Amino acid sequence: KDFSAAQVQAIAIAQSSWSDDYAVPLACLLILLVTFYWARSSHRSMVRTSSAQVVNHTSVIGDFQKRLDDITKTTSEGLAKRARSMDTVQQANGELTTVIDQMTAALRQC
């Protein structure tokens, strides 16, 4: 009963004080507010999405950088090992050349 009376009184106040002169400006204001809310909401959504992508890409880049460092380390170790093997082969080749020269000299003396 009290709610019904309050509702009737609110409708009476709204109808008595409402003027059609305010309809267009109020509609424009309402459209402006809805547009502003939509733009702000879209902006916040894009910021959240961009932040998530930055975090995701940062972790992916970190993984790739770790893989690249591992590949670089493995490659440099492999190159160093091959260089040591090549030095050993060159040293053995030098020793064999010396032995062959000595044997050649000994055969010439015979």
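Predicted model, so just to flag it, every value in this text is computed and none were measured.
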Let me have the donor-acceptor pairs involving side chains of residues 101-110, under 3.5 Å, with sequence neighbours excluded, atom names and distances please.
residue	atom	partner	partner atom	Å
Thr104	OG1	Ile100	O	2.7

Can you list, pair by pair, the side-chain donor-acceptor contacts under 3.5 Å of residues 46-54, counting residues two or more places apart and other chains?
residue	atom	partner	partner atom	Å
Thr49	OG1	Ser45	O	2.9
Ser50	OG	Met46	O	2.8
Ser51	OG	Val47	O	2.9

In residues 61-70, what donor-acceptor pairs under 3.5 Å come from side-chain atoms, sequence neighbours left out?
none

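- Atom CG of residue Asp87 and atom CZ of residue Arg84 lie 9.5 Å apart, to the nearest 0.5 angstrom.
- To the nearest 0.5 Å, the span separating CZ on Phe36 from OG on Ser41 amounts to 11.0 Å.
- Taken from CZ in Arg82 to OG1 in Thr75, the straight-line distance is 8.5 Å, to the nearest 0.5 Å.
- In this structure, CH2 on Trp38 lies 12.5 Å from NE2 on His43, to the nearest 0.5 angstrom.
- Atom CG of residue Asn93 and atom CE of residue Met86 lie 10.0 Å apart, to the nearest 0.5 angstrom.
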